[in-house]
Asker: 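One structure, as structure tokens, below. Some questions next.
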Amino acid sequence: MKNINNIIKKDSKEVELIHSFQDACSNKEFYEFIRTLPIEEEILIKYTSSLEDSFIEFKNCKNCKGLEKCKNNVVGYCYTPKKEKHIIKFSYIACKRKEKELKENAYKKNLELFDMPKEIKEATLKNVYTDDKSRIPIIRYFKEFMDKYNKKEEPKGLYLTGSFGSGKTYLIAALLNEMAKKRICCALVYYPEFLRSLKSSFQTDYNERFNFIKTSPILLLDDIGAENESSWSRDEVLGPILQYRMQNHLPTFFTSNLTLEELETALSITSSGVDKVKARRIIERIKQLTITIELIGKNRRN
Ligand code: ADP
Ligand code: MG
């Protein structure tokens with residue numbers, strides 16, 4: 001008796017499945033959709049509800065108006081059925097547009113930002129303003145840098161000084177993004193904030209942060225000289241970072257509103273007094289690591 005009940009139950013379940021499948025197929029578009037799937041009907045009937053979800057997403061894709069307007073559950077992905085033996089598995093598959101975007105953005109994983117705005121990852125050399133001639137020597141230097149780096153000739157970094165808002169950070173970020181596209185890891189550090197956060201990480205990941213920056217294949221210390229100088233930041237942070245990078249020929253970039261002479265003065269005065277020798281030593285290291293270019297231009301900030 002128990003068996004018969006089970007059979008009846010099983011049969012009625014199957015009838016139910018068939019009914020709901022047939023119901024769904026009365027929608028011509030849905031029917032067209034499932035006909036394109038290389039899956040037998042006796043398997044399809046067990047998945048009507050998921051197939052309907054999938055159908056809605058495929059329809060959205062057919063009428064795609066761009067990723068920004070994607071109506072699917074997971075933007076850029078389509079809920080897709082795939083037969084595996086006697087079952088159907090559904091998974092979110094990236095559409096062509098999303099795939100292209102993922103490919104184009106793959107370089108971003110080679111960029112480590114420390115307190116820099118995220119948009120800096122979008123800076124590109126081809127967007128660099130060429131409306132003023134002051135950028136020409138910088139662009140020339142960039143080409144040379146990339147060329148030498150490719151040939152493993154250990155090119156020097158750049159100390160880019162100049163007026164506020166002239167585009168120094170943008171320019172170096174554009175170069176580093178280009179390097180990231182060549183699979184070279186770059187760290188972009190907003191130096192004043194990095195010092196603050198480093199200071200508060202003594203109990204936690206201080207060494208990790210410090211070493212990451214010290215050893216990064218390419219490093220930008222952005223806005224150096226804008227921080228409040230202390231003998232600790234000069235002698236325990238900046239000094240050892242530069243020393244290590246010099247010894248290991250690791251390209252290092254700086255942007256600053258200060259010239260090297262002005263930076264030397266700023267570095268010599270700390271809350272613990274005036275120490276010209278230590279400041280001089282830092283400047284010597286920066287000079288070893290970089291060439292200096294000055295960027296004078298109008299303020300691009302709005
Ligand atoms: P700086 O570091 O010299 O103070 P920034 O690099 O921050 O200047 O540039 C100032 C502003 O101008 C930023 O908002 C930056 O995004 C923008 N900017 C600079 N150069 C470009 C460029 N080539 N294309 C688009 N935006 C730029
Ligand atoms: Mg800047």
Side-chain angles (χ1 to χ4, degrees), residues 68 101 104-105 107-108 110-146 156-182 186-198 209 213 216 218-229 233-234 237-238 241-242 245 251-267 282-283 286-287 289-302:
E68 322 70 54
E101 190 193 78
E104 283 170 358
N105 284 326
Y107 74 93
K108 291 182 183 169
N110 298 325
L111 295 164
E112 206 62 51
L113 302 189
F114 291 80
D115 306 300
M116 299 280 288
K118 256 210 270 144
E119 308 81 67
I120 211 71
K121 289 185 178 180
E122 311 296 334
T124 62
L125 284 180
K126 76 174 186 292
N127 283 345
V128 165
Y129 301 131
T130 45
D131 54 353
D132 64 53
K133 292 200 171 69
S134 54
R135 279 153 216 272
I136 294 172
I138 301 170
I139 300 297
R140 198 176 295 137
Y141 159 86
F142 282 177
K143 285 195 177 124
E144 217 171 281
F145 177 87
M146 288 191 277
K156 281 192 174 194
L158 185 65
Y159 185 86
L160 189 55
T161 170
S163 49
F164 174 84
S166 56
K168 301 180 294 297
T169 302
Y170 188 95
L171 274 162
I172 302 217
L175 172 69
L176 270 44
N177 291 345
E178 210 57 48
M179 300 307 285
K181 284 172 193 164
K182 298 185 176 132
C186 305
L188 291 80
V189 179
Y190 182 63
Y191 191 62
E193 191 53 43
F194 173 70
L195 277 183
R196 273 190 283 273
S197 61
L198 190 66
R209 280 159 166 274
I213 287 192
S216 175
I218 294 184
L219 172 68
L220 163 64
L221 294 182
D222 190 46
D223 235 347
I224 190 167
E227 69 279 9
N228 278 332
E229 229 32 80
S233 64
R234 181 190 60 203
V237 181
L238 191 55
I241 289 177
L242 301 186
R245 300 188 66 80
T252 308
F253 292 81
F254 303 84
T255 72
S256 182
N257 294 332
L258 307 181
T259 63
L260 272 176
E261 292 70 35
E262 289 166 338
L263 182 66
E264 185 170 345
T265 310
L267 286 170
I282 299 276
I283 298 300
I286 296 179
K287 280 185 176 165
L289 281 164
T290 61
I291 63 159
T292 299
I293 300 184
E294 192 172 7
L295 177 66
I296 306 288
K298 63 177 181 210
N299 187 351
R300 309 269 173 180
R301 293 182 199 212
N302 35 32

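When a ligand or atom number is given, it counts from 1 through the structure's own listing order.
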Asker: Look only at the side chain of Arg234 and the backbone of Leu267, and say whether a donor-acceptor pair between them is shorter than 3.5 Å.
Answerer: yes
Asker: Is the Tyr159 ring parallel, tilted or perpendicular to the Phe254 ring (thresholds 30°, 60°)?
Answerer: tilted
Asker: Considering only NZ, NE, NH1 and NH2 on the basic side and carboxylate oxygens on the acidic side, decide whether Glu104 and Lys181 come within less than 4.0 Å.
Answerer: no
Asker: Between Gly167 and ligand 1, does any nitrogen or oxygen pair lie at a separation below 3.5 Å?
Answerer: yes
Asker: Please check whether Gly165 reaches ligand 1 - meaning an N/O of the residue sits under 3.5 Å from an N/O of the ligand, judged on distance alone.
Answerer: yes
Asker: How about Thr169: does one of its N, O or S atoms come closer than 2.8 Å to the Mg ion (ligand 2)?
Answerer: yes
Asker: Indicate the atoms forming the closest heavy-atom contact of Lys121 with Asn177, along with that distance.
Answerer: O-ND2, 3.1 Å
Asker: Donor-acceptor check, side chain of Ser256 to backbone of Asp223, threshold 3.5 angstrom: yes or no?
Answerer: no
Asker: Backbone or side chain, does any N or O of Arg135 fall under 3.5 Å from an N or O of ligand 1?
Answerer: no
Asker: Examine the proximity of ligand 1 to Asn127 and report which part, side chain or backbone, both or neither, has a heavy atom under 4.0 Å away.
Answerer: backbone
